[in-house]
**Student:** 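Next up is a structure, given as C-alpha cells.
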Amino acid sequence: MPFIKKKNVEFTFASRSPAAPPVTVHCHCPRQAGVALAFAMAATRATDSFTAPARPLILVIPYPAPGHMIPLLDLAGLLASRGLRVTVVATPATALLLAPLVDAHHDGAVQALVLPFPSHPALPAGVESAKDSPPTLFASLIVAFAELIGPLGSWARERSDTPDRVVAILADHSCGWAQPLAAELGVPGIVFSPSGVYGSAVLHSLFRRAPRREDESDEESQISFPDLPGSPAYPWRQLSLLYRTYKEGDEISEAVRRNFLWNLEGSAFVSNTFRRLEERYLRAPLADLGLRRVHAVGPVAPPDATGDRGGETAVSGVDLCAWLDRFPDDGSVLYISFGSMAVLQPPHAAALASALERTGLAFVWAAGKTAPIPEGFEERVVAAGGRGKVIRGWAPQVAALRHRAVGWFVTHCGWNSVLEAAAAGVAMLTWPMTADQFVNARLLVDELGAAVPVSWGGLKAAPAADEVARVLHTAIGGKHDVVARAREIAAEAAAAVREGGDSWRELEELVRELASESITKTGLDY
C-alpha cells in the first residue's frame with residue numbers, strides 16, 4: 001500500500017517506486033477529500049510499476065469542463081501510447097476524470113499534477129468546473145483558471161535541468177495563458193481545440209477582429225467572416241455567448257479576449273477532427289488561426305470508449321444496451337442529449353416532450369440532473385409501455401450511439417457529440433443553442449448533408465411542439481439521404497484513424513515533432 005499522509009485536507013501519496021514522484025492532492029474543503037483520495041489511489045497504482053527511462057515529457061493543460069477535458073485526455077492517452085510521457089494538470093474537482101487514463105498506463109507514461117483551484121473575486125466560492133454551472137460563469141472560469149500560470153511555471157522550472165524537463169505544452173484553447181508560459185520556458189506551445197477547425201476559427205476570428213453590430217439592439221444583425229472559405233455570415237444571436245458578452249475595457253472581458261489572442265502565437269493547433277469532415281478548412285492555413293499548422297487527429301475517442309470517460313454514469317453502458325436490445329428494428333430509437341453544459345429552457349423541454357408523446361417514437365433522453373422535463377412526462381412514458389427512457393445524470397453516450405437500435409440523434413451540436421455521432425454513423429437532428437453549436441450545425445446540414453435541422457432559434461426561441469413532432473416523424477419514419485451520408489462519414493472517420501489514414505499520419509507527425517524537439521533542446525537520444 002502507498003504511504004498516505006493526511007494533513008487537514010491535503011493528501012500526499014508516495015509510491016514504492018523511487019522513479020515515480022509522489023502525487024499530492026490539495027482540497028479546499030473536506031467534501032472533496034473522497035474524490036481526492038480515490039483519484040490519488042488510482043494514480044499511485046499506475047505509477048508503482050514505473051521503471052522506464054525518461055522519455056519526452058509533455059505538460060497537458062485541460063480546461064475544467066467535461067466537453068473540453070474528455071477529448072484532450074483521449075489525446076493524452078494516444079500520445080502516451082506512442083512513446084511520450086504526459087503530465088496532466090487537474091484540480092480536486094476534476095481529478096477523478098483522470099483516474100481511468102492514469103490507471104490505464106501502468107508504465108507511468110501518464111502522471112497527474114493536481115493543484116488547488118485558484119480563487120478569484122469574479123467566481124463564486126466552490127465553483128471549479130463548467131459542469132453544472134451557468135454559461136454566464138464561463139468567462140470568469142477562464143480568468144480564474146489562468147492563475148495557475150504561476151504554480152505551473154514554478155513546477156516546470158524546478159525540473160528544467162532534469163530528465164523530467166517539459167519539452168512542450170499542450171493546452172486547451174481556453175487556456176491561452178499557457179502560450180506565454182511555453183515561450184518563457186523556451187518550449188513549443190500547442191493549442192488543443194475542443195471545437196472543429198471551422199468552429200475554432202470562427203471563435204478566434206471574433207476576438208481577433210472584434211466585429212460589432214451597427215444596431216446594438218438587432219439580434220439578427222449579420223456578422224461576416226471574410227477570411228474563412230466561403231465568407232460565411234451568422235446573425236448576432238448565433239455567435240458564442242463568450243463573445244457576445246464581451247465589453248471593451250471590462251477587466252474580465254479583456255482577459256478573455258487576450259486568452260484567445262495568445263493562442264494565435266502558439267506553435268500549432270491540434271483539433272479533434274478529420275480531413276474528410278472539414279477538408280474545406282484544412283486545405284490552407286487560416287488567418288483566424290494565426291496561419292498556424294493544424295494537426296487534424298480525430299476522432300480521438302478510443303473504439304472501446306466507455307461511459308466512465310466523463311465520470312460515473314447514472315446508468316451503465318451494459319444496462320443501457322440491454323434496454324436497447326429490446327428493439328428489434330435497427331435505427332428505430334431516437335437518442336437525445338443537449339450536452340453537459342447546455343441549459344435547456346422549459347419551453348424547449350416542453351416542446352420536445354410533447355413531440356415525443358405525439359409521435360410515439362422510442363427514445364433515450366439523456367436529460368442530465370437539471371433539465372426541466374414537464375411534470376408527469378416520465379410517469380406517462382413508463383405507463384405507455386416503456387418505449388422511452390429518461391436518464392438523469394451522466395449518460396454512456398458512446399455506447400448508446402454505437403448500438404444498432406439507435407438511428408437518429410437529437411443534439412445541441414457540441415463538437416464531442418458531433419464526432420461521436422459521426423464515428424458511429426448516426427444521422428443527426430440539429431438543435432444548436434450557443435457556443436460553437438450553430439457553426440457545427442451549419443457544417444453538418446449545409447456542407448456535409450449529414451443532418452436535418454430541428455430548430456435554429458437557440459436558447460431564446462423554442463419551436464412549436466407540432467413542428468418538432470413533424471421533424472421527428474419525417475426523419476425516423478422515412479428514408480433520408482442523410483442516413484446514407486452519415487454512414488459514409490463513419491467509414492471516413494474509421495479510415496482516418498486506421499494505420500496509414502490521414503489522422504493517424506497527423507498524430508504520428510505530431511509525436512515525431514515533439515520527440516525531435518526534446519532531442520534538439522537536450523541532445524539526448526530518447
Side-chain angles (χ1 to χ4, degrees), residues 139 142 171-176 179-180 188-216 218-248 253-298 413-415 418 432 434-448 456 458 502 506:
I142 288 176
D172 185 279
H173 74 192
S174 292
C175 304
Q179 301 312 313
I190 300 165
V191 181
F192 175 74
S193 171
S195 305
V197 180
Y198 183 19
S200 186
V202 166
L203 178 62
H204 284 85
S205 178
L206 290 170
F207 286 107
R208 182 175 76 92
R209 298 184 302 112
R212 308 307 297 177
R213 296 174 287 178
E214 290 185 8
D215 180 354
E216 289 297 316
D218 184 7
E219 291 290 299
E220 300 300 323
S221 179
Q222 295 288 308
I223 303 297
S224 62
F225 296 85
D227 294 327
L228 287 175
S231 300
Y234 289 84
W236 177 264
R237 63 178 176 82
Q238 292 185 359
L239 302 181
S240 169
L241 180 66
L242 198 60
Y243 178 72
R244 285 189 288 121
T245 54
Y246 167 74
K247 296 178 182 177
E248 187 175 355
S253 291
E254 294 296 351
V256 169
R257 184 185 184 199
R258 185 167 61 250
N259 174 87
F260 287 99
L261 293 181
W262 271 327
N263 289 330
L264 306 184
E265 301 172 9
S267 302
F269 279 78
V270 177
S271 182
N272 181 23
T273 190
F274 55 98
R275 182 160 291 277
R276 294 297 295 271
L277 191 69
E278 294 194 271
E279 192 161 13
R280 189 181 193 188
Y281 307 99
L282 288 164
R283 289 173 185 156
L286 300 176
D288 290 322
L289 294 180
L291 298 174
R292 295 307 193 257
R293 166 70 186 276
V294 177
H295 294 277
V297 298
C413 299
W415 191 248
V418 168
T434 184
D436 59 347
Q437 297 159 19
F438 287 97
V439 177
N440 300 339
R442 286 262 292 266
L443 175 72
L444 292 167
V445 174
D446 298 339
E447 297 189 35
L448 297 174
W456 296 104
D502 290 335
E506 287 278 345

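Hydrogens, waters and symmetry mates are skipped; everything else that's a heavy atom, side chains included, is used. Keep in mind that what you see is a predicted model, and the values were worked out from it rather than measured.
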**Student:** What is the minimum heavy-atom distance between Q179 and V191, and which atoms define it?
**Tutor:**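 Looks like NE2-CG2, 3.6 Å.
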
**Student:** Treating Q238 as the side-chain partner and F438 as the backbone partner, does any N or O pair qualify as donor plus acceptor under 3.5 Å?
**Tutor:**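 Side chain of Q238 to backbone of F438, a donor-acceptor pair under 3.5 Å: no, none is there.
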
**Student:** What verdict does the side chain to side chain contact (heavy atoms under 4.5 Å, CB included) test give for L443 and Y281, after you've listed the backbone C-alpha separation in whole Å, the side-chain angles of each residue and the deciding distance to 0.1 Å?
**Tutor:** CA-CA 11 Å; L443 175 72; Y281 307 99; 4.2 Å; yes

**Student:** Could you tell me whether the side chain of S224 and the main chain of P226 form a donor-acceptor pair under 3.5 Å?
**Tutor:**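 Between the backbone of P226 and the side chain of S224 there is no qualifying donor-acceptor contact (under 3.5 Å).
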
**Student:** Are more than 12 heavy atoms from other residues, nucleotides or ligands located less than 6.0 Å from atom CD of E216?
**Tutor:**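 Counting other residues, nucleotides and ligands, CD of E216 exceeds 12 neighbours.
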
**Student:** Write down the atom of W262, the atom of G176, and the distance for their closest heavy-atom approach.
**Tutor:**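 In this case the closest contact between W262 and G176 is CB-O, 3.3 Å.
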
**Student:** Keeping R293 on the side-chain end and A268 on the backbone end, is there a donor-acceptor pair under 3.5 Å?
**Tutor:**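 A pair under 3.5 Å: no.
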
**Student:** With a 3.5 Å distance limit and no angle check, can you tell me whether R237 reaches the backbone of P235 through a side-chain donor-acceptor pair?
**Tutor:**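 Not a single qualifying donor-acceptor pair exists.
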
**Student:** Is there a side-chain contact between N272 and P194, using heavy atoms and a 4.5 Å cut-off?
**Tutor:**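 When only atoms from C-beta onward are counted, P194 and N272 do not touch, as no gap falls below 4.5 Å.
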
**Student:** Does E220 have more than 12 heavy atoms from other residues, nucleotides or ligands lying within 6.0 Å of its CD?
**Tutor:**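 Correct, the count exceeds 12.
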
**Student:** Can V202 and F225 be said to form a side chain to side chain contact (heavy atoms under 4.5 Å, CB included), step by step?
**Tutor:** CA-CA 7 Å; V202 166; F225 296 85; 3.6 Å; yes

**Student:** Where do F207 and L242 come nearest, in terms of heavy atoms and distance?
**Tutor:**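 Nearest pair, atom of F207 first, then L242: CZ-O, 3.9 Å.
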
**Student:** Does anything in residues 223-232 form a salt bridge (charged side-chain N to carboxylate O under 4.0 Å, His left out)? List the pairs, not counting sequence neighbours.
**Tutor:**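 Residue pairs with at least one partner in residues 223-232: R208-D227.
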
**Student:** Run the numbers on F269 and N263 for side chain to side chain contact (heavy atoms under 4.5 Å, CB included), then give the verdict.
**Tutor:** CA-CA 8 Å; F269 279 78; N263 289 330; 4.1 Å; yes

**Student:** Can you check whether S195's main-chain N or O pairs, donor with acceptor, with S271's side chain at less than 3.5 Å?
**Tutor:**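 A pair under 3.5 Å: yes.
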
**Student:** Do I223 and R244 have side chains that approach each other closer than 4.5 Å (heavy atoms only, starting at C-beta)?
**Tutor:**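 No; the side chains remain at least 4.5 Å from each other.
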
**Student:** Mind checking the CD-OH spacing from E254 to Y246? Nearest 0.5 Å is all I need.
**Tutor:**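 Answer rounded to 0.5 Å: 3.5 Å.
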
**Student:** How far does CG of L239 sit from OG1 of T245, to the nearest 0.5 angstrom?
**Tutor:**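 It comes to 11.5 Å.
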
**Student:** Using a 3.5 Å distance criterion without hydrogens, assess whether the side chain of R275 forms a donor-acceptor pair with backbone atoms of A296.
**Tutor:**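 No, R275 side chain to A296 backbone: no donor-acceptor pair under 3.5 Å.
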
**Student:** Measuring from R276:CZ to L282:CG, what's the distance to the nearest 0.5 Å?
**Tutor:**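 The distance works out to 12.5 Å.
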
**Student:** Give, for atom CZ of F192 and atom NE2 of H295, the distance between the pair rounded to the nearest 0.5 Å.
**Tutor:**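 The distance works out to 13.0 Å.
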
**Student:** So Y243 and W236, do their side chains get closer than 4.5 Å, heavy atoms only?
**Tutor:**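 Yes, their side chains come closer than 4.5 Å.
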
**Student:** Decide yes or no for Y234 and V439: does some side-chain heavy atom of the first lie under 4.5 Å from some side-chain heavy atom of the second?
**Tutor:**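 Yes, their side chains come closer than 4.5 Å.
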
**Student:** Write down the atom of G199, the atom of D436, and the distance for their closest heavy-atom approach.
**Tutor:**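 Nearest heavy atoms, G199 then D436: CA-CB, 4.5 Å.
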
**Student:** Where is the tightest heavy-atom contact between L264 and D288, given as atom of each residue plus distance?
**Tutor:**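 The answer is CD2-O, 3.6 Å.
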
**Student:** Give a yes or no on whether the backbone of G414 and the side-chain of N440 come within a donor-acceptor separation of less than 3.5 Å.
**Tutor:**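 Checking the backbone N and O of G414 against the side chain of N440, no donor-acceptor pair under 3.5 Å is found.
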
**Student:** Are the side chains of V197 and L286 in contact, using a 4.5 Å heavy-atom criterion?
**Tutor:**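 Contact flag for L286/V197 side chains = yes.
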
**Student:** Measure the spacing between CD of E248 and CZ of R212 and express it to the nearest 0.5 Å.
**Tutor:**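 Taking CD in E248 and CZ in R212, the distance rounds to 8.0 Å.
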
**Student:** Spell out, as yes or no, whether a donor-acceptor pair under 3.5 Å connects the side chain of E278 to the backbone of Y198.
**Tutor:**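 Yes; judged by distance alone, with no hydrogens or angles, the pair exists.
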
**Student:** Nearest 0.5 Å please: distance from the CZ atom of R258 over to the OG atom of S253.
**Tutor:**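 Answer for the CZ-OG pair, R258 versus S253, is 11.5 Å.
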
**Student:** Which heavy-atom pair separates S174 from F260 by the least distance, and what is that distance?
**Tutor:**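 Shortest heavy-atom separation between S174 and F260 comes out as OG-CZ, 4.0 Å.
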
**Student:** Please step through side chain to side chain contact (heavy atoms under 4.5 Å, CB included) for the pair V297 and V270, ending with a clear verdict.
**Tutor:** CA-CA 7 Å; V297 298; V270 177; 3.7 Å; yes

**Student:** Any side-chain to backbone donor/acceptor pair from N259 onto H173? Under 3.5 Å, distance only.
**Tutor:**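 Indeed, once roles are kept as given, a pair shorter than 3.5 Å links the two residues.
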
